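I have placed the structure first, in the form of structure tokens, so that the comments after it can refer back to it.
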Amino acid sequence: MSHRTSVDYLLDEIEQKYERGERQRRRTAVTDVYLNVYDMAWLNDYTSRLGVGAFHSGVEVHGKEYAYGAHPYSYTGVYDMEPRREDEVGGQGVKFRESLHMGRTSMSETEVRELVHSLGKEYNGNTYHILNKNCNHFSSELCQRLSGARAPPWINRLAYISSWMPFLLNCLPPSWLSPSDGTAICSSISHSQGKAQNPNSENHSPESDI
């Protein structure tokens with residue numbers, strides 16, 4: 001049986017202090033959270049008569065951007081993409097506008113993915129509604145969970161105004177309000193690197209990619 005020396009105890013103490021320091025560093029490590037905002041130019045042709053703009057938004061953290069869009073199936077409409085990629089948001093008629101710093105989060109990349117996966121269960125593609133439950137509602141909630149700050153009101157002003165004046169809905173094509181074919185505003189899944197597949201296939205849900 002070997003005997004421990006004072007040097008052994010000293011080395012143990014140093015190792016324990018190092019491990020405690022690493023745990024503390026991981027708990028206090030922070031990363032920036034950004035709200036990426038896009039102009040929906042083609043939709044603004046309709047909403048400009050209301051005096052408001054139409055925007056898409058996604059949340060950028062740990063090098064990925066998370067957003068929510070419509071599709072006709074009862075699984076998550078939340079997806080991830082390379083930050084600020086206009087073509088993945090909707091292609092022509094979608095222009096990156098600005099990136100707003102929303103604060104910082106101490107969540108690790110794994111914790112963020114778990115949070116997004118959890119939120120994804122509340123944001124199915126077929127429950128998307130351009131006024132009542134859209135990409136900006138999701139982005140605001142995710143920002144609040146990550147940094148404590150919600151998205152600025154102007155991001156979703158069209159939805160807010162229309163909730164008080166329902167007749168304004170007549171200014172928008174009905175198929176854009178609650179799309180059934182997944183091709184309307186923020187129809188993200190079809191633009192997310194082919195992640196969405198037929199719901200009868202094994203890996204149809206974007207949740208597996210988040």
Side-chain angles (χ1 to χ4, degrees), residues 18-19 21-41 54-71 75-125 128 133-156 182 185-197 202-210:
Y18 174 79
E19 291 176 351
E22 281 296 292
R23 288 196 295 269
Q24 180 64 25
R25 183 189 63 80
R26 287 193 292 267
R27 283 196 297 268
T28 58
V30 295
T31 189
D32 292 306
V33 178
Y34 295 95
L35 181 70
N36 292 334
V37 183
Y38 302 79
D39 278 313
M40 311 303 291
F55 306 102
H56 169 74
S57 64
V59 179
E60 180 181 347
V61 60
H62 288 299
K64 289 187 176 181
E65 183 171 334
Y66 299 96
Y68 169 56
H71 61 71
Y75 58 82
T76 184
V78 175
Y79 65 103
D80 65 79
M81 56 177 261
E82 183 179 336
R84 310 175 195 183
R85 283 283 300 273
E86 297 172 353
D87 58 319
E88 290 197 25
V89 173
Q92 292 184 344
V94 178
K95 299 296 181 183
F96 175 73
R97 177 187 178 94
E98 61 182 309
S99 187
L100 305 175
H101 187 245
M102 301 301 292
R104 294 179 172 83
T105 182
S106 59
M107 287 188 179
S108 66
E109 184 173 357
T110 298
E111 290 171 330
V112 169
R113 292 175 70 86
E114 290 175 350
L115 171 60
V116 171
H117 180 83
S118 177
L119 282 178
K121 298 176 182 179
E122 304 172 23
Y123 287 86
N124 282 350
Y128 177 95
K133 192 175 187 180
N134 62 39
C135 50
N136 300 314
H137 291 109
F138 169 79
S139 293
S140 186
E141 183 170 357
L142 181 55
C143 280
Q144 185 178 42
R145 297 283 193 95
L146 291 172
S147 67
R150 297 192 71 88
W154 62 266
I155 296 291
N156 218 14
I185 183 175
C186 303
S187 175
S188 55
I189 303 304
S190 61
H191 298 290
S192 186
Q193 300 178 336
K195 290 176 183 177
Q197 304 174 25
E202 293 182 1
N203 300 314
H204 70 275
S205 174
E207 283 189 5
S208 63
D209 298 311
I210 294 177

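Quick caveat, the model's predicted, so the values are computed rather than measured.
You'll find the side chain of L100 stays beyond 4.5 Å of the side chain of Y34, heavy atoms only. Residues P152 and L35 have side chains in contact (heavy-atom distance under 4.5 Å, counting atoms from C-beta outward). Counting only heavy atoms from C-beta outward, the side chains of R104 and T31 never approach each other to under 4.5 Å. Side-chain contact between V78 and V116: present, with at least one pair of heavy atoms (C-beta onward) separated by less than 4.5 Å.
For the atom pair OH (Y38) and OG (S99), the distance works out to 8.5 Å, reported to the nearest 0.5 Å. To the nearest 0.5 Å, the span separating OG on S108 from CZ on R113 amounts to 11.0 Å. The line from CG of N134 to OG of S57 is 7.5 Å long, rounded to the nearest 0.5 Å.
A salt bridge is defined here as a Lys NZ or Arg NE, NH1 or NH2 lying under 4.0 Å from an Asp or Glu carboxylate O, and R97 with D39 meets this definition.
For the side-chain hydrogen bond (donor to acceptor under 3.5 Å, both in side chains) test, residues two or more places apart in sequence or in another chain that qualify with Y123 are E141. Every side-chain hydrogen bond (donor to acceptor under 3.5 Å, both in side chains) that H101 has, sequence neighbours left out, goes to D32.
In this structure, I155 and F55 approach most closely via the heavy-atom pair O-CD1, 3.7 Å. Shortest non-hydrogen contact noted between C135 and H56 is SG-ND1, 3.2 Å. The shortest non-hydrogen separation linking R150 to M102 is O-CE, 3.2 Å.
Of the options E65, E98, R85, a side chain to side chain donor-acceptor pair (under 3.5 Å) to N36 is made by E65 and by none of the others. A side-chain contact (heavy atoms from CB on, under 4.5 Å) with R145 is found for one member of T105, L115, V33 and no other, namely L115.
With hydrogens and angles ignored, the 3.5 Å screen pairs a side-chain donor or acceptor of H71 with a backbone N or O of Y75. The backbone N or O of G120 sits less than 3.5 Å from a side-chain atom of T76, completing a donor-acceptor pair. The closest donor-acceptor contact from the side chain of S140 to the backbone of N136 lies at 3.5 Å or more, if one exists at all.
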(message) Could you walk me through whether E60 and R84 satisfy the side chain to side chain contact (heavy atoms under 4.5 Å, CB included) test, starting with their C-alpha distance in whole Å, then the side-chain angles of each, then the deciding distance to 0.1 Å, before giving a yes or no?
(response) CA-CA 9 Å; E60 180 181 347; R84 310 175 195 183; 3.2 Å; yes
(message) Under the criterion side chain to side chain contact (heavy atoms under 4.5 Å, CB included), I'd like the reasoning laid out for Y66 against V61: C-alpha separation, chi angles, the key distance, then a yes or no.
(response) CA-CA 8 Å; Y66 299 96; V61 60; 3.9 Å; yes
(message) For K64 and M81: C-alpha separation, side-chain torsions, deciding distance, then whether side chain to side chain contact (heavy atoms under 4.5 Å, CB included) applies.
(response) CA-CA 6 Å; K64 289 187 176 181; M81 56 177 261; over 6 Å; no
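For Y128 and Y68, the distance between ring centers is under 6.0 angstrom.
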